[in-house]
Amino acid sequence: MSQGFSETEVKVLSIGGSDPFGAAGIQADIKTFSALEAYGMSVLTTVTAQNSLGVYGRYDVPVDFIELQLESILGDGGINALKTGFLGRHEVIESIAEVISLLNIPKIIDPVLVNGKGEQIISNLALKAYRERLFPLASLFSPNLREAGLLLGRRLSNLTQVEQAAHELLNEGPQAVLIKGGYLEPAKGADFLLYQGKASLEGQWFFGKAIDTPNTHGSGDTLSAAISVFLARGFVLKDAVKEAKDYLQKALEAGALRQIGSGRGPLKHHV
């Protein structure tokens with residue numbers, strides 16, 4: 001995808017899990033960075049065995065080796081923005097928070113807290129670490145609808161509840177909150193952004209066209225990765241979200257007719 005960028009190539013880091021099928025996680029992030037002409041780097045927190053039909057197992061990378069990966073990247077030229085994906089364990093969250101708290105760059109905290117069925121997949125101790133260690137560091141906190149509901153202890157079932165949830169999450173420390181509303185029928189293809197404007201809090205819905213496609217695996221990862229790139233390029237937040245949403249829309253449309261795997265397939269990142 002050529003955006004006609006002429007700026008110096010930006011470097012963006014993804015910290016998260018590996019998807020060997022290539023649809024989500026680190027692989028989706030790297031594809032997104034590449035499609036948007038950024039240089040992508042990665043720190044792996046876990047290695048999974050999965051495909052379009054499900055996740056069959058995972059191997060957690062030792063915390064000291066996660067730290068070594070991160071230190072090796074930061075020790076060789078730095079980065080312009082970062083995003084997190086699946087972190088899993090509370091000790092990983094605490095370790096990463098300690099390092100990235102020293103970085104004066106955009107930090108997108110894109111949590112992976114539930115599975116495709118909406119079931120919690122990390123411990124309550126890890127949820128606590130998110131709140132206490134990562135929320136205060138987040139330039140943007142970007143849970144999906146189910147993750148926001150998990151954090152707040154209730155189901156979100158309409159647009160007003162989504163907006164209220166964003167206000168409550170913002171009060172916990174992030175600079176901005178983006179709730180991805182793909183699981184809510186009135187908000188199909190829509191996301192709600194809440195951030196501090198010049199004089200007061202500003203909220204904005206980003207509505208996209210709902211696309212009839214089974215190939216949505218990794219769409220949340222792709223959106224946050226794209227936002228990371230645009231923030232690294234110096235876009236203001238609301239413009240970065242808009243550009244990222246436009247890119248995601250095209251990637252979903254381009255991937256709608258492809259068939260990779262027998263289940264929920266990937267979108268097409270290079271469009």
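Any value given below was found using the heavy atoms of this structure, including those in side chains, with hydrogens, waters and symmetry copies removed.
- Using a 4.5 Å heavy-atom cutoff, the side chains of T222 and H269 are in contact.
- D221 places no side-chain N or O within 3.5 Å of a backbone atom of S224 that could act as its donor or acceptor partner.
- One N or O on the side chain of Q69 and one on the backbone of L44 form a donor-acceptor pair closer than 3.5 Å.
- The backbone N or O of G16 sits less than 3.5 Å from a side-chain atom of T45, completing a donor-acceptor pair.
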Residue pair V92, T46: steps toward the side-chain contact (heavy atoms from CB on, under 4.5 Å) verdict: CA-CA 10 Å; V92 174; T46 191; over 6 Å; no
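- For E119, the CD atom is densely surrounded, since the number of other residues' heavy atoms within 6.0 Å is greater than 12.
- Counting non-hydrogen atoms of other residues, nucleotides and ligands closer than 6.0 Å to CZ of R154 gives a total above 12.
- Counting only heavy atoms from C-beta outward, the side chains of L201 and H167 approach each other to under 4.5 Å.
- In this structure, the side chain of R258 engages the main chain of L267 through a donor-acceptor pair within 3.5 Å.
- Here NE2 of H217 is found 12.5 Å from CD1 of I260. Values are rounded to the nearest 0.5 Å.
- Linking ILVMFWY residues whenever their side-chain heavy atoms come closer than 4.5 Å, directly or via other members, places I66 and M41 in the same cluster.
- Side-chain atoms of N80 do not come within 3.5 Å of backbone N or O of V10 as any donor-acceptor pair.
- Through direct or indirect side-chain contacts shorter than 4.5 Å among Ile, Leu, Val, Met, Phe, Trp and Tyr, Y56 is connected to L53.
- Chaining together hydrophobic side chains whose heavy atoms lie under 4.5 Å apart leaves L257 on its own.
- Closest heavy-atom contact between S228 and L82: OG-O, 4.2 Å.
- The aromatic rings of F235 and F230 stand perpendicular to each other, their planes meeting at an angle above 60°, with 30° marking the opposite boundary.
- Although no hydrogens or angles enter the test, the distance criterion places a donor-acceptor pair under 3.5 Å between the side chain of Q249 and the main chain of K209.
- Going from atom CG of D60 over to atom CG of L87 covers 11.0 Å, rounded to the nearest 0.5 Å.
- I122 and L127 make their closest contact through CD1-CD2, 3.8 Å (heavy atoms, listed as atom of the first residue, atom of the second, distance).
- Within the 4.5 Å cutoff, the side chain of E168 has heavy atoms near those of the Q164 side chain.
- Clustering ILVMFWY residues whenever any of their side-chain heavy atoms sit less than 4.5 angstrom apart, transitively, puts I79 in a cluster other than the one holding I108.
- Hydrophobic clustering (ILVMFWY, side-chain heavy atoms < 4.5 Å, transitive): I100 and I227 are in distinct clusters.
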Worked verdict on E163 versus T160 for side-chain contact (heavy atoms from CB on, under 4.5 Å): CA-CA 5 Å; E163 294 179 11; T160 300; 5.6 Å; no
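- With rounding to the nearest 0.5 Å, the separation of CG in L231 from NZ in K107 is 11.5 Å.
- Using modelled atom types, no side-chain atom of S34 and backbone atom of I30 make a donor-acceptor pair closer than 3.5 Å.
- Counting heavy atoms from C-beta outward, L237 and Q175 have side chains that stay 4.5 Å or more apart.
- A distance of 13.0 Å separates CG in L113 from CZ in R146, rounded to the nearest 0.5 Å.
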Steps toward side-chain contact (heavy atoms from CB on, under 4.5 Å) verdict (I109, L137): CA-CA 8 Å; I109 306 302; L137 302 179; 5.7 Å; no
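- The two residues D110 and S142 have their closest heavy-atom pair at OD1-O, 2.7 Å.
- Atoms OH and CZ, on Y39 and F33 in that order, are 12.0 Å from each other to the nearest 0.5 Å.
- Here the side chains of F21 and T48 are not in contact, with every heavy-atom distance at 4.5 Å or above.
- Cluster annotation: F207 is not connected to I211 through the hydrophobic network of ILVMFWY side chains, with a link wherever side-chain heavy atoms come within less than 4.5 Å.
- At a threshold of 4.0 Å, the pair K250-D246 does not count as salt-bridged, since none of the basic side-chain nitrogens sits closer than that to a carboxylate oxygen.
- Listed by first then second residue, pairs satisfying salt bridge (Lys or Arg N to Asp or Glu O under 4.0 Å) with a partner in residues 10-36 read D29-K83, not counting sequence neighbours.
- A pairwise comparison of heavy atoms in Y195 and Q204 identifies OH-OE1, 4.4 Å as the closest pair.
- Taking the side chain as every heavy atom from C-beta outward, L13 and L70 approach each other to under 4.5 Å.
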side-chain contact (heavy atoms from CB on, under 4.5 Å) between L193 and L140, intermediate numbers included: CA-CA 9 Å; L193 174 67; L140 178 67; 3.9 Å; yes
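- Across K198 and E202, no two heavy atoms sit closer than the pair N-OE2, 4.1 Å.
- Around the NZ atom of K245, the shell of radius 6.0 Å holds more than 12 heavy atoms that belong to other residues, nucleotides or ligands.
- Environment of CG in D76: sparse, with no more than 12 heavy atoms of neighbouring residues, nucleotides or ligands closer than 6.0 Å.
- Side-chain contact between L74 and L103 is present, with at least one heavy-atom pair separated by less than 4.5 Å.
- Taking each heavy atom of L178 and V241 in turn, the nearest pair found is CD1-CG1, 4.2 Å.
- With hydrogens and angles disregarded, a donor-acceptor distance shorter than 3.5 Å links the side chain of S101 to the backbone of E98.
- Using modelled atom types, no side-chain atom of R133 and backbone atom of H90 make a donor-acceptor pair closer than 3.5 Å.
- Between L36 and R233 there is no side-chain heavy-atom pair separated by less than 4.5 Å.
- The CD atom of E132 sits 11.0 Å away from the CD1 atom of I93 when rounded to the nearest 0.5 Å.
- Hydrophobic clustering places V112 together with F141 (ILVMFWY residues linked when any side-chain heavy atoms are closer than 4.5 Å, directly or through intermediates).
- In terms of modelled atom types and a separation under 3.5 Å, the side chain of S52 and the main chain of G263 share a donor-acceptor contact.
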